[in-house]
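Inspection log for the structure reproduced underneath, given as structure tokens.
Numbers restart at 1 for each chain; the letters A, B, ... are given by sequence-line order, proteins then strands. Everything numeric here is computed off the predicted structure, so don't read it as measured data.
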Number of protein chains: 2
Amino acid sequence: MLVSLDSVREQLENNGHRYTQTRGVVIDAIAASSHGFSADGVYTSLPTVGRATVYRTIKLLLQLGVLCKVALQNGSPRYSMAASGHHHHVICIRCGSISDFSQCNLDDLAPRLASALGREPVGHRLEVYTLCSECEGSPEVTLVRGGQQHA
Amino acid sequence: MLVSLDSVREQLENNGHRYTQTRGVVIDAIAASSHGFSADGVYTSLPTVGRATVYRTIKLLLQLGVLCKVALQNGSPRYSMAASGHHHHVICIRCGSISDFSQCNLDDLAPRLASALGREPVGHRLEVYTLCSECEGSPEVTLVRGGQQHA
DNA sequence: GGCGGTTTTGATACCAAGTATCACTTTAGG
DNA sequence: CCTAAAGTGATACTTGGTATCAAAACCGCC
Ligand SMILES: [Mn+2]
Ligand SMILES: [Mn+2]
Ligand SMILES: [Zn+2]
Ligand SMILES: [Zn+2]
């Protein structure tokens, strides 16, 4: 929803990949997913698409920068549509929903680290865990396989 | 090496766990490991100890705060002895060696995020990837299964 | 529309990093 | 030494993902 499907198509085609029927199905499912979906969730929601294809498509979209891969606090991987530019993620410890942020003073983190460490960072990962506003009041919901999201 | 084995024993016993023969063997292996070891590496280095026990022991040491678990850039998990206090990790993208840092301006990160997000962070993970000084010059070494370390 | 080369797909098998079970062994303590 | 509790390890299972490879889809060209 939050990303133009046509732009994903362009991303694919501009990089020598085809926008096939099957990829369209997967991408539609991803676009309809909540932030913080699992690969297995996409797979089980699409009985017509093979497991390998779902994982391959997600990997491709990661390479193209269309998706972000993040880790829940327990390490379990989740995906969400990539915001443009460098950013990080806030992840709900209960429902696994993901939101982006970039407004903090992390832009100067890299140079600070460079001087502190005497080496150039070539990348970093920052994930912040919190209880999202939807989850704050509801003590019932538990994070389940596939990533439980709010109704 | 960098941590007192006796203190690990105390940690265990103070928390109602036994310092068994087997745990001693695993902990010795871990203490002798370089920073950034893999569970499987410990397992295969100890033919007398069962796989489940290696993983269980590592899990226990994580719970006790004796070990840190970090992720390589590709997501593969590695472990290292925990420094005391809140800190983060610098990970070599080539050899997987891990060092700690805490001196950056990340202490004020949490409150900044709290106000930026309107929610309290309950935790965060920051991992910085770099090429360690040992790896900087050597174009040969490749990161292999189990975590290739410097000789 | 049909051809043919390239890409993609999906079933299957496999791998990596663990966890659940459960009978057996250790251990601490009396 | 006996016993109850804790720990161990073989085995099977799970989750997340990749390698293979024959079959299917795609694309440009005629
Ligand atoms: Mn993102
Ligand atoms: Mn550490
Ligand atoms: Zn939530
Ligand atoms: Zn290195």
Estimated bend of the helix from C/dG1-D/dC30 to C/dG30-D/dC1 (axis per five terminal pairs, rounded to 10 degrees):
20°
From [atom1] of [X] over to [atom2] of [N], roughly how many Å is that when rounded to an integer?
| X | N | atom1 | atom2 | value |
| --- | --- | --- | --- | --- |
| A/L60 | C/dT8 | CG | C1' | 11 Å |
| B/D40 | C/dT19 | CG | C1' | 16 Å |
| B/N15 | D/dA5 | CG | C1' | 17 Å |
| A/N74 | D/dT15 | CG | C1' | 11 Å |
| A/I58 | C/dT8 | CD1 | P | 17 Å |

Any chance you could measure [X], atom [atom1], to [Y], atom [atom2], to the nearest 0.5 Å?
| X | Y | atom1 | atom2 | value |
| --- | --- | --- | --- | --- |
| A/L67 | A/F37 | CG | CZ | 4.5 Å |
| A/R56 | A/T22 | CZ | OG1 | 10.0 Å |
| A/Y79 | A/C68 | OH | SG | 11.5 Å |

Give me, pair by pair, the N or O atoms of the protein and of nucleotides 27-30 of chain C that are less than 3.5 Å apart, along with how far apart they are.
{"residue": "C/dT27", "atom": "OP1", "partner": "B/Q21", "partner atom": "N", "Å": "3.4"}
{"residue": "C/dT27", "atom": "O2", "partner": "B/R18", "partner atom": "NH1", "Å": "3.2"}

When the nearest nucleotide of DNA chain C is assigned to A/H17 and to B/K69 on a heavy-atom basis, which residue is associated with the more 5' position?
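Comparing both residues, the 5'-ward one is A/H17.
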Listed partners of A/Q11 passing side chain to side chain donor-acceptor pair (under 3.5 Å), at least two apart:
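Testing A/Q11 for side chain to side chain donor-acceptor pair (under 3.5 Å), a comparison that skips the adjacent residues, returns none.
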I'd like to check the side chain to side chain donor-acceptor pair (under 3.5 Å) partners of A/S133; sequence neighbours left out, ordered by chain and number.
none
With the side chain counted from C-beta on, respond yes when [X] and [Y] share a heavy-atom pair under 4.5 Å apart, and no when they do not.
| X | Y | result |
| --- | --- | --- |
| A/V49 | A/V42 | no |
| B/M81 | B/I30 | yes |
| A/C132 | B/R119 | yes |

When all nucleic acid strands are considered with a 4.0 Å heavy-atom cut-off, which category describes B/T48: base, sugar-phosphate, or nothing?
sugar-phosphate
Base, sugar-phosphate, or nothing for B/Y43, non-hydrogen atoms under 4.0 angstrom?
nothing
Is it true that A/H124 and A/H86 have ring centroids separated by less than 6.0 Å?
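Ring-ring flag for A/H124/A/H86: true, centres closer than 6.0 Å.
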Under 3.5 Å, which protein N or O atoms sit close to an N or O of nucleotides 18-22 of chain D? Give each pair with its distance.
none

Considering residues at least two apart in sequence or located in another chain, which fulfil the side chain to side chain contact (heavy atoms under 4.5 Å, CB included) criterion with A/Q73?
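For A/Q73 the side chain to side chain contact (heavy atoms under 4.5 Å, CB included) partners, ignoring immediate neighbours, are A/I93, A/Y129.
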So, is B/S38 close to the C/dA17 phosphate, meaning a side-chain N or O under 4.0 Å from OP1 or OP2?
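Negative; the distance criterion is not met.
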So, is B/R23 close to the D/dT8 phosphate, meaning a side-chain N or O under 4.0 Å from OP1 or OP2?
yes
Give the C-alpha distance, both sets of side-chain angles, the deciding distance and a yes or no for side chain to side chain donor-acceptor pair (under 3.5 Å) between B/H89 and B/D100.
CA-CA 5 Å; B/H89 300 99; B/D100 301 303; 3.2 Å; yes
